[in-house]
Amino acid sequence: MIKINYDYSKTKMKDILKHNEKIKEIVKNFNEGNCQGSDYIGWYKFPNSIDKNIIENIKKDAEEIKKMADVLVVCGIGGSYLGSRAVIEAVKGFYNKNMEVIYLGNTFDERYTEDTLNYLKEKNFCVNVISKSGTTLETAIAFRLLKRLLQDKYGDDYRKRIYVTTDEKDGCLREMADIEQYKSYIIPKDIGGRYSVFTPVGLLPICVAGIDIDNFLNGAKEAYKDVKNENFEENIAQQYASYRYEQYMNNENIEIFVTYSPYFNMLAEWWKQLFGESEGKDGKALFPASANFSTDLHSLGQYIQQGKKDFFITQIKVTNEKEKVFIEKDKQDIDNLNYLSELSLGQINLSAQEGANKAHYQIGKVDNFTFEIDLINEFNIGYILFTFMYSCMISANLLEVNPFNQQGVEFYKKEMRKILVK
Ligand code: PA5
C-alpha cells in the first residue's frame, strides 16, 4: 500500500488545493484526448488493455531464455532500459539467483563495453535489444558488437538468442528482426520510451528476472483506478503534481528524490528521466536530482542542511522492513554498539530517516514530500511507477509543456553526427 504525508513540510494540503481547478481541466482534456501530445497517451490504458497473448509469449520466452542462458543482456538506453532496471533492482536487489540481468547499449564508454563483452565470453547469454526508433547510436553499436560475439560463440544458432523489442513497422531494428527472423515484440506507436515500462519493453526483462509480471501490472491497474479518484484529497497523483507545482511557483528550482536503499538508485534514475525529459522545456521546470541516504548524508547531507535553499525533497519511506539483520550483543562491547542490540538494521534505517527529516525540516527549513510504501514488491512498484507517470502528465500540463516529446535530445545527436561523418 502507498500513502503520502506532509509531516515534514511547511507546504500542506491546504496550500496546494488551489491548483485543483486547473488540474480538473487538465484531467478532462487528457481524458478527451484533447491535450498536448495526445498521440502519445497509449500508456494510460495499456496495463488494462494489454493483449493476453503478449503476456503469455513473454512468459514463454522468459522460460526459454532462462533455459538457454545464465545472463540476459538488456541492450537499450533511456526509456528502453531504465524502467526494467529500476524494477528488477528494487524488487530483486543486486544478487538475483534467478537470472543475472546486465545492461549495455546505454553508453559509448569503451572500457565498460569491452569489459562487458569480455565478461560475456565466459557466460551463456541472450540479448534483448530494445529501441523504439531502432536508430539510437549507443544501442545500435552495442547490438552490433553483441551480435558478433553471439555469432562467434554459437554459430548459426545465434539467432534464437536475440529478442528484439521495437516499432511494429519503422526503423532498421524492425527491418533487421524481419530479415534475420529474430523473435520480436512491438512497442506501441502511441507510447513513448519513458512511459513504456508496462509494455514488452519492461515486461520481458522483468519477467526473465523472475518477477511476477501479472502482479506488477496489477499494481499499475490499481493505480489506474486511484488516479481517477475525483476527490483531490484522496488522490496521491494529483496531490504530488500539485505539490511540485506549488514549490516551483515558490522559486524552488530543484527537487531531490531521496531513497534509503541502494536498490532504489535506478528507480531514482527512472524518475529523473521521466520528469526531466517530460518537463524540461521552454526554459521551465524543476531540475530533478537524486540522493541515496544514508550514504549521501555523508556527502550531500552537508549541502542539504546548510547550503543554498532552492530545493525540496521527495522521499520514499519503506515502513515494513524485513527485520532480518540484528546486531548481536557482544560481551566486550568495545565498539559500544550493545545499545542497538534489540534493533534491526531496518529500524535503524528508519531512525536515520526520522532523524534526517527532523534535521532537514526543523533546522534546515527544507520541505519534504513523503511517499510511504509498506512493502517492496512488484505490485507496489507497479503502483508507484504508474502514479508517477500520471503525476508527471499533470505536472507538465501545469507548466503548459508537452509531457510526451523530447526534441531537446536531438541537438547533441545532430552535433555528434556532424563530427562523426567528417
Ligand atoms: O523517453 C524516451 O522516448 C527516450 O528516453 C528514449 O527512450 C531513448 O532516447 C531511447 O530511444 P529508442 O528507444 O528509440 O532507442
Side-chain angles (χ1 to χ4, degrees), residues 36-44 46 73-87 103-109 113 127-147 162-177 182 184-206 266-281 285 288 290 385-386 388-393 395-396 401-417:
Q36 289 198 68
S38 55
D39 289 351
Y40 286 92
I41 59 178
W43 58 271
Y44 180 54
F46 197 80
V73 187
V74 173
C75 183
I77 194 167
S80 287
Y81 94 107
L82 283 169
S84 61
R85 188 164 182 182
V87 176
Y103 305 87
L104 205 62
N106 54 55
T107 178
F108 292 121
D109 184 66
T113 305
V127 174
N128 181 197
V129 54
I130 308 170
S131 175
K132 186 170 182 196
S133 61
T135 56
T136 302
L137 199 55
E138 288 89 339
T139 305
I141 290 174
F143 182 54
R144 191 183 268 210
L145 295 168
L146 285 165
K147 187 176 144 187
I162 294 175
Y163 295 77
V164 172
T165 310
T166 190
D167 187 82
E168 187 177 9
K169 294 193 184 111
D170 296 333
C172 31
L173 194 53
R174 170 53 59 199
E175 202 180 334
M176 225 189 283
Y182 302 137
S184 73
Y185 286 92
I186 293 167
I187 308 176
K189 267 258 176 300
D190 58 355
I191 302 183
R194 58 193 174 277
Y195 294 84
S196 69
V197 65
F198 297 106
T199 73
V201 170
L203 294 180
L204 180 60
I206 289 170
M266 292 312 293
L267 180 70
E269 294 306 309
W270 177 87
W271 173 93
K272 283 196 275 193
Q273 189 213 0
L274 178 71
F275 283 97
E277 221 169 49
S278 297
E279 294 191 315
K281 290 156 199 171
S290 68
L385 295 188
F386 192 89
F388 279 145
M389 277 158 43
Y390 191 82
S391 260
C392 185
M393 176 281 289
S395 178
V401 299
N402 179 349
F404 307 120
N405 64 5
Q406 59 279 331
Q407 282 134 340
V409 180
E410 298 308 314
F411 287 82
Y412 100 87
K413 292 186 191 166
K414 269 191 205 139
E415 293 303 319
M416 177 176 66
R417 202 174 153 72

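Numbering of ligands and ligand atoms starts at 1, following listing order.
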> Where is the nearest protein heavy atom to atom 9 (O) of ligand 1: which residue, which atom, and how far?
Replying inline: I77 CG2, 4.6 Å
> Tell me: protein heavy atom nearest atom 3 (O) of ligand 1, and distance?
Replying inline: G193 N, 3.3 Å
>> Is it the case that the side chain of D190 and the backbone of D39 share a donor-acceptor pair, with hydrogens and angles ignored and the cut-off at 3.5 Å?
In response: no
> In terms of residue, atom name and distance, what is the protein heavy atom nearest to atom 11 (O) of ligand 1?
Replying inline: T136 OG1, 3.6 Å
> Between F388 and W270, how do the two ring planes meet: parallel, tilted or perpendicular, split at 30° and 60°?
Replying inline: tilted
> Could you walk me through whether S84 and Y103 pass the side-chain hydrogen bond (donor to acceptor under 3.5 Å, both in side chains) check?
Replying inline: CA-CA 10 Å; S84 61; Y103 305 87; 5.1 Å; no
> What residues, two or more places apart in sequence or in another chain, satisfy side-chain hydrogen bond (donor to acceptor under 3.5 Å, both in side chains) together with D170?
Replying inline: K189
> What do you reckon, are the aromatic ring centroids of Y40 and Y195 less than 6.0 Å apart?
Replying inline: no
> Hey, which atoms in ligand 1 end up nearer than 4.0 Å to a heavy atom of R194?
Replying inline: 1 (O), 2 (C), 3 (O)
> What is the ring orientation for F404 with W43, classed by angle as parallel under 30°, tilted 30 to 60°, or perpendicular over 60°?
Replying inline: tilted
> Counting both backbone and side chain atoms, is some N or O of K413 under 3.5 Å from an N or O of ligand 1?
Replying inline: no
> Among protein heavy atoms, which sits nearest to atom 6 (C) of ligand 1, and what does the distance come to when rounded to 0.1 Å?
Replying inline: G79 N, 3.9 Å
>> Would T139 count as a contact residue for ligand 1, given that I'm defining contact as a non-hydrogen atom of the residue lying under 4.0 Å from a ligand atom?
In response: no
>> I need the atoms of ligand 1 closer than 4.0 Å to a non-hydrogen atom of S80, numbered in the order shown.
In response: 7 (O), 12 (P), 13 (O)
> With S290, which residues qualify under side chain to side chain contact (heavy atoms under 4.5 Å, CB included), at least two apart?
Replying inline: F257, A268, E269, K272
> Starting from atom 4 (C) of ligand 1, which protein heavy atom do you reach first, and at what distance in Å?
Replying inline: E277 OE1, 3.4 Å
> Can you tell me which residue and heavy atom of the protein come closest to atom 5 (O) of ligand 1, and the distance to 0.1 Å?
Replying inline: Q273 NE2, 2.5 Å
> For ligand 1, which atoms sit closer than 4.0 Å to a heavy atom of S131?
Replying inline: 12 (P), 13 (O), 14 (O), 15 (O)
> side-chain hydrogen bond (donor to acceptor under 3.5 Å, both in side chains) between T107 and E138: does it pass, once the steps are laid out?
Replying inline: CA-CA 6 Å; T107 178; E138 288 89 339; over 6 Å; no
>> Can you name the atoms of ligand 1, numbered from 1 with element, that are less than 4.0 Å from a heavy atom of Q406?
In response: 3 (O)
